[in-house]
Amino acid sequence: MTSIMNTLPPLIPDIDFDLLPKTDDASALIFEIKRDAMGPHVIKHWGWVEDVQLQIHKKHFAIKPFFQINQGGVCVGIVSFLASVDYIQFGEFYLRGPYRGNGLGTRILQHCLSVADEKGLPVRLEYLKWNPVGRLYLRHGFPVIGENEIHYFLERPISRS
């Protein structure tokens with residue numbers, strides 16, 4: 001997939017998205033936030049094997065752009081958002097514990113979807129089958145288009161409303 005965009009506009013009034021550099025510090029930050037958000041879901045099925053999770057993370061970090069999500073100057077999470085000529089790949093969307101469950105994830109997802117709609121592109125994502133985040137994606141117009149043993153694959157068509 002060839003990227004056509006490496007920025008995310010701010011979500012007014014209080015959210016900024018900073019593209020993270022491909023550095024060890026950025027990788028460590030993303031992994032820390034991912035461990036906090038995904039650890040409980042991974043542990044339920046496989047246990048958290050740090051080396052295995054770190055290998056998976058390093059592969060994703062090498063090929064995906066990651067944005068630090070800042071609210072009022074405070075890092076509240078991370079997201080990967082990659083626009084190509086055919087679709088937007090959304091994922092690796094993790095909020096830190098204190099920022100979950102208060103509507104912030106919904107605001108950020110809606111913002112990213114509006115960016116996709118402005119570009120006239122569908123949005124693709126995947127998530128672990130037992131991760132409750134699936135409810136969020138289904139509520140926002142993402143039908144399941146495929147699955148494997150551990151993931152659902154979804155694509156939200158372009159919204160014209």
Side-chain angles (χ1 to χ4, degrees), residues 1-9 11 17 19-20 22 26-27 30-69 76-97 99-101 103-161:
M1 171 170 40
T2 303
S3 174
I4 62 168
M5 182 174 127
N6 64 358
T7 62
L8 259 173
L11 173 53
F17 302 90
L19 181 63
L20 289 167
K22 297 295 182 182
S27 179
I30 295 163
F31 189 68
E32 169 199 329
I33 295 170
K34 178 180 180 176
R35 182 191 302 121
D36 175 59
M38 288 300 296
H41 307 296
V42 171
I43 288 168
K44 283 182 191 175
H45 290 270
W46 300 298
W48 185 271
V49 179
E50 189 82 3
D51 290 343
V52 171
Q53 293 302 320
L54 197 51
Q55 281 182 331
I56 293 168
H57 165 70
K58 285 180 178 181
K59 286 196 308 191
H60 293 179
F61 181 70
I63 62 173
K64 295 179 180 182
F66 284 88
F67 294 85
Q68 180 174 310
I69 305 165
V76 300
I78 56 115
V79 65
S80 176
F81 187 88
L82 178 62
S84 73
V85 294
D86 298 322
Y87 62 92
I88 288 177
Q89 186 70 41
F90 177 87
E92 306 272 348
F93 179 34
Y94 310 118
L95 295 177
R96 291 178 182 241
Y99 302 96
R100 290 184 219 129
L104 182 60
T106 295
R107 281 185 60 212
I108 293 167
L109 176 61
Q110 288 172 334
H111 175 67
C112 291
L113 294 177
S114 72
V115 170
D117 292 341
E118 288 171 13
K119 297 198 167 306
L121 294 170
V123 179
R124 295 180 183 172
L125 62 81
E126 64 185 74
Y127 71 94
L128 291 173
K129 287 183 170 182
W130 51 89
N131 187 335
V133 75
R135 293 188 304 267
L136 173 69
Y137 298 137
L138 295 172
R139 281 195 318 266
H140 285 88
F142 281 90
V144 174
I145 61 168
E147 66 182 279
N148 63 22
E149 289 182 25
I150 60 173
H151 289 103
Y152 287 118
F153 302 95
L154 297 84
E155 180 172 304
R156 178 189 166 270
I158 302 163
S159 176
R160 307 241 189 259
S161 54

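Side chains are part of it too, since the values below use all heavy atoms of this structure and drop only hydrogens, waters and symmetry mates. Residues: numbered from 1 along the sequence shown.
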Enquirer: Any chance NZ of K59 has more than 12 other-residue heavy atoms, nucleotides or ligands included, within less than 6.0 Å?
Expert: no
Enquirer: Listing request: all salt bridge (Lys or Arg N to Asp or Glu O under 4.0 Å) pairs with a residue in residues 42-51, at least two apart in sequence or in separate chains.
Expert: R35-E50
Enquirer: Measure across L154 and Y152 and return the closest heavy-atom pair with its distance rounded to 0.1 Å.
Expert: CD1-O, 3.7 Å
Enquirer: Which value, rounded to the nearest 0.5 Å, describes the distance between I30 atom CD1 and L20 atom CG?
Expert: 5.0 Å
Enquirer: Is there side-chain contact between R135 and L138, with at least one heavy-atom pair below 4.5 Å?
Expert: no
Enquirer: If we only count heavy atoms from C-beta on, is the R156 to D117 side-chain gap below 4.5 Å?
Expert: yes
Enquirer: Quick check for you: to the nearest 0.5 Å, what is the distance between I33 atom CD1 and F93 atom CZ?
Expert: 11.5 Å
Enquirer: Are H111 and F17 side-chain neighbours, meaning at least one heavy-atom pair lies under 4.5 Å?
Expert: yes
Enquirer: Any heavy-atom pair between the side chains of S159 and S114 that's under 4.5 Å?
Expert: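 Side chain of S114 against side chain of S159, heavy atoms only: no contact under 4.5 Å found.
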Enquirer: If you compare all heavy atoms of P122 against all heavy atoms of D86, which two are closest, and at what distance to 0.1 Å?
Expert: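 Of all heavy-atom pairs spanning P122 and D86, the closest is CD-O, 3.4 Å.
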Enquirer: Tell me, please, which residues at least two apart from K58 pass salt bridge (charged side-chain N to carboxylate O under 4.0 Å, His left out).
Expert: none
Enquirer: Any side-chain heavy atom of K64 sitting closer than 4.5 Å to one from L82?
Expert: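 Answer no - side chains too far apart.
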Enquirer: Using side-chain heavy atoms (C-beta onward) and a distance below 4.5 Å, is F142 in contact with L136?
Expert: no
Enquirer: Return the set of residues passing side chain to side chain donor-acceptor pair (under 3.5 Å) with H41 (not counting sequence neighbours), or none when no residue passes.
Expert: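 Testing H41 for side chain to side chain donor-acceptor pair (under 3.5 Å), a comparison that skips the adjacent residues, returns none.
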Enquirer: If I take atom NZ from residue K34 and atom CD1 from residue I56, how far apart are they, to the nearest 0.5 angstrom?
Expert: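 K34 NZ to I56 CD1: 6.0 Å, rounded to 0.5 Å.
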Enquirer: So, do D36 and R100 sit near enough that their side-chain heavy atoms are less than 4.5 Å apart?
Expert: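 Counting from C-beta outward, D36 and R100 do come under 4.5 Å.
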Enquirer: Once side-chain contact (heavy atoms from CB on, under 4.5 Å) is applied, do any residues pair with E126, and if so which ones, sequence neighbours excluded?
Expert: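 E126 satisfies side-chain contact (heavy atoms from CB on, under 4.5 Å) with H151, F153 once adjacent residues are dropped.
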Enquirer: Which pairs with one or both residues in residues 137-155 pass salt bridge (Lys or Arg N to Asp or Glu O under 4.0 Å), sequence neighbours excluded?
Expert: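 Every salt bridge (Lys or Arg N to Asp or Glu O under 4.0 Å) pair that includes a residue of residues 137-155, provided the two are not neighbours, is R124-E155, K129-E147.
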Enquirer: Find the distance between OG (S80) and CZ (F90) and round it off to the nearest 0.5 Å.
Expert: 9.0 Å
Enquirer: Test of understanding: with salt bridge (charged side-chain N to carboxylate O under 4.0 Å, His left out), list the residues that count as partners of E118, not counting sequence neighbours.
Expert: none
Enquirer: Main chain of Q110, side chain of H140: is a donor-acceptor contact present, judged purely on distance under 3.5 Å?
Expert: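 Side chain of H140 to backbone of Q110: no pair is present.
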Enquirer: If you look at every heavy atom in S84 and L121, which pair is closest and at what distance?
Expert: O-CD1, 3.4 Å
Enquirer: Got I150 and W46 here, is their nearest side-chain heavy-atom distance under 4.5 Å?
Expert: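 Sidechains of W46 and I150: in contact.
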Enquirer: Working to the nearest 0.5 angstrom, can you tell me the gap between Q68 CD and L8 CG?
Expert: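 It is 13.0 Å, given to the nearest 0.5 Å.
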Enquirer: Can you tell me how far NE2 of H60 sits from CD of E92, rounded to the nearest 0.5 angstrom?
Expert: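 Separation between the atoms: 5.5 Å.
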Enquirer: Do you know the tightest heavy-atom contact between I69 and I108?
Expert: CG2-CD1, 3.7 Å
